[in-house]
Amino acid sequence: MKNSEILELSTEELVARIGEERANLTKLKFAHAVSAIENPSRITKVRKDIARLTTEITKRKSASASE
């Protein structure tokens, strides 16, 4: 997910997307623990997407608090 896509989402959509990505990360980790997944770099990619989403939420909270 690109930063430009993240900026277009509303705060509610960001929260929902974080939930989806965390569930996806859990599934990937479990699948990788049971047997090697085809592309283990997907785990890192999902973790970074979660970090980008939470960073954007934090930015929006701090911007609204400073106003």
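Only heavy atoms go into these numbers, but all of them, side chains included; no hydrogens, no water, no symmetry mates. All of these numbers come straight from a predicted model, not from anything done at the bench.
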Report the distance from atom [atom1] of [X] to atom [atom2] of [Y], rounding to the nearest 0.5 Å.
{"X": "I50", "Y": "R47", "atom1": "CD1", "atom2": "CZ", "value": "9.0 Å"}
{"X": "H32", "Y": "N39", "atom1": "NE2", "atom2": "CG", "value": "10.5 Å"}
{"X": "R52", "Y": "K2", "atom1": "CZ", "atom2": "NZ", "value": "11.0 Å"}
{"X": "K45", "Y": "L25", "atom1": "NZ", "atom2": "CG", "value": "14.0 Å"}
{"X": "R42", "Y": "D49", "atom1": "CZ", "atom2": "CG", "value": "12.0 Å"}
{"X": "L14", "Y": "T58", "atom1": "CG", "atom2": "OG1", "value": "10.5 Å"}

Knowing that exactly one of T11, I6, L9 qualifies, which makes a side-chain contact (heavy atoms from CB on, under 4.5 Å) with E56?
->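 Testing E56 for a side-chain contact (heavy atoms from CB on, under 4.5 Å) against T11, I6, L9 leaves exactly one candidate, I6.
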Heavy-atom closest pair, residues L53 and R17 |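 Closest pair (atom of L53, atom of R17, distance): CD1-CG, 3.6 Å.
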Might you point out which heavy atoms bring R60 and S10 nearest each other, and give the distance in Å?
->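 Minimum heavy-atom contact is NH1-C, 3.4 Å.
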When clusters are formed by joining ILVMFWY residues with side-chain heavy atoms under 4.5 Å apart, either directly or through shared neighbours, do V46 and M1 land in the same one?
-> no
R22 atom CZ: more than 12 heavy-atom contacts under 6.0 Å |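 No, because the 6.0 Å sphere around CZ of R22 holds 12 heavy atoms or fewer from other groups.
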